[in-house]
Amino acid sequence: MKVEVICATAEAVSAEILDLPEGTPLGEAVRASRFASTPAAAYAVFGKVANADRVLEDGDRIELLRELVIDPKNARRLRADDAASSRQ
């Protein structure tokens with residue numbers, strides 16, 4: 001089966017397609033990829049958070065999720081403050 005492993009950073013997005021045996025868990029797929037040493041806060045399959053023991057299916061896309069740099073609520077508040085100050 002073929003799965004894709006995606007790793008996104010602030011600078012770039014990298015991907016690797018792996019050919020793995022049926023029944024491979026997500027954690028093993030990540031360890032088999034070139035992103036094995038990349039720290040991840042969590043994993044997702046097609047955008048839905050998944051555990052390392054989740055059994056993968058052919059065509060799955062694994063995403064390595066990283067820690068948030070800034071809380072989304074704070075980021076939105078900062079953008080609103082900047083927009084308000086630029087209108088004055």
Side-chain angles (χ1 to χ4, degrees):
M1 77 174 170
K2 291 193 184 298
V3 298
E4 184 175 21
V5 183
I6 306 285
C7 181
T9 64
E11 296 81 35
V13 176
S14 301
E16 180 179 11
I17 295 176
L18 302 174
D19 194 3
L20 302 169
E22 294 291 327
T24 300
L26 185 149
E28 279 186 37
V30 172
R31 285 190 294 277
S33 75
R34 63 185 167 122
F35 307 114
S37 63
T38 303
Y43 304 113
V45 176
F46 289 115
K48 296 194 185 257
V49 176
N51 292 324
D53 60 349
R54 181 189 188 278
V55 175
L56 298 171
E57 298 176 10
D58 188 42
D60 278 350
R61 184 185 68 222
I62 303 164
E63 298 138 9
L64 279 66
L65 306 177
R66 57 191 168 104
E67 294 287 335
L68 293 176
V69 175
I70 186 169
D71 177 34
K73 288 181 183 178
N74 287 338
R76 186 170 45 244
R77 190 174 297 114
L78 291 171
R79 285 193 307 272
D81 290 347
D82 285 347
S85 66
S86 68
R87 284 189 291 243
Q88 295 176 352

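Quantities reported herein were computed from a predicted structural model and do not represent experimental measurements.
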* **Within one Ile-Leu-Val-Met-Phe-Trp-Tyr cluster: Phe46 and Val49, side-chain cutoff 4.5 Å** => no
Hey, can you pull the donor-acceptor pairs under 3.5 Å for the side chains in residues 57-64, sequence neighbours left out?
residue	atom	partner	partner atom	Å
Asp58	OD1	Lys2	N	2.7
Asp60	OD2	Arg54	NH1	3.1
Asp60	OD2	Glu57	N	2.8
Arg61	NE	Glu63	OE2	2.6
Arg61	NH2	Glu63	OE2	2.7
Glu63	OE1	Gly47	N	2.9
Glu63	OE2	Gly47	N	3.3

* Structure fact -> With sequence neighbours left out, the residues meeting side-chain contact (heavy atoms from CB on, under 4.5 Å) with Ala52 are Tyr43
* To do: Output all residues satisfying side-chain contact (heavy atoms from CB on, under 4.5 Å) with Asn74, sequence neighbours left out; order by chain, then residue number.
  => Ile70, Asp71, Arg77
Return all side-chain donor-acceptor pairs below 3.5 angstrom for residues 23-33, not counting sequence neighbours, or 'none' if the list is empty.
residue	atom	partner	partner atom	Å
Thr24	OG1	Pro21	O	2.6
Arg31	NH1	Gly27	O	3.4
Ser33	OG	Val30	O	2.7
Ser33	OG	Phe35	N	3.1

Give every donor-acceptor pair under 3.5 Å between a side-chain atom in residues 4-20 and any protein atom, sequence neighbours left out.
residue	atom	partner	partner atom	Å
Thr9	OG1	Glu11	N	3.3
Thr9	OG1	Glu11	OE1	3.4
Thr9	OG1	Ala12	N	3.1
Thr9	OG1	Ala12	O	3.2
Glu16	OE1	Arg34	N	2.7

